[in-house]
Amino acid sequence: MATTPLRPRRALGLAFAVALLGYGLVPRAFFAGAWRSALPEEGRSATEVVRLQLTALQENNPENDDGIAKTFDFASTRNKAVTGPLPRFAHMIHAGYPLLLNAQNF
């Protein structure tokens, strides 16, 4: 699946939204869906990555597990080596962490 990189302005906007969301200054709906176009890139804070992953799991489409796939995309290389490939990771999420999928809130 080909994706296009975030433009600097978009990446900055995403980071700003995460920061405001973390302080409770922006409703979660503002951040909703932003994870779909996000790409792993240097410079993201750990908080931003975790929030993006949790939101992706929260908005996961059960028909194609796109949120699980995005969460795996943002996993560290070492984590991917232990939990991957993606089908194995998806099974792990479904079997071991189902409460994260489509949760109402965190």
Side-chain angles (χ1 to χ4, degrees):
M1 165 172 39
T3 56
T4 56
L6 292 174
R7 288 183 228 117
R9 179 179 274 169
R10 169 111 177 161
L12 181 59
L14 183 60
F16 183 67
V18 169
L20 291 178
L21 185 63
Y23 289 109
L25 301 174
V26 174
R28 180 170 290 281
F30 181 82
F31 191 68
W35 61 268
R36 286 186 170 86
S37 61
L39 298 172
E41 55 195 5
E42 288 189 32
R44 290 188 188 275
S45 71
T47 301
E48 181 181 1
V49 171
V50 170
R51 187 147 325 258
L52 189 144
Q53 289 175 311
L54 288 174
T55 303
L57 292 173
Q58 185 177 32
E59 298 177 8
N60 182 62
N61 180 342
E63 293 182 16
N64 62 12
D65 283 337
D66 60 344
I68 293 175
K70 185 60 76 170
T71 299
F72 186 72
D73 288 346
F74 275 82
S76 70
T77 304
R78 290 175 60 182
N79 184 287
K80 286 180 180 180
V82 173
T83 62
L86 178 57
R88 181 176 178 209
F89 181 79
H91 175 72
M92 179 191 73
I93 296 294
H94 282 287
Y97 305 94
L99 292 175
L100 294 175
L101 295 174
N102 307 109
Q104 293 298 310
N105 55 49
F106 294 109

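Separating the CZ atom in R51 from the OG atom in S45 is a distance of 9.5 Å, to the nearest 0.5 Å. The CZ atom of F74 sits 8.0 Å away from the CD atom of E48 when rounded to the nearest 0.5 Å. Between atom CZ of residue F72 and atom CG of residue N79 there is a gap of 7.5 Å, rounded to the nearest 0.5 Å. We find the CZ-CG distance between R44 and L39 to be 7.5 Å, quoted to the nearest 0.5 Å. Rounding to the nearest 0.5 angstrom, the gap separating the CG atom in D66 from the OG1 atom in T71 is 9.5 Å. In this structure, CZ on R36 lies 7.5 Å from CG on N61, to the nearest 0.5 angstrom.
Listed by first then second residue, pairs satisfying side chain to side chain donor-acceptor pair (under 3.5 Å) with a partner in residues 93-102 read D65-H94, not counting sequence neighbours.
Closest approach of L52 to A38, counting heavy atoms only: CD1-CB, 3.4 Å. Minimum heavy-atom separation, K70 to A56: CB-CB, 4.2 Å.
With hydrogens and angles ignored, the 3.5 Å screen pairs a side-chain donor or acceptor of R88 with a backbone N or O of V82. A side-chain donor-acceptor contact under 3.5 Å links Q58 to the backbone of Q104.
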Derivation and outcome, side-chain contact (heavy atoms from CB on, under 4.5 Å), residues L86 and D73
CA-CA 9 Å; L86 178 57; D73 288 346; over 6 Å; no
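Relative to the six-membered ring of F89, K80 misses at least one condition, a distance below 6.0 Å or an angle of at most 45° to the axis.
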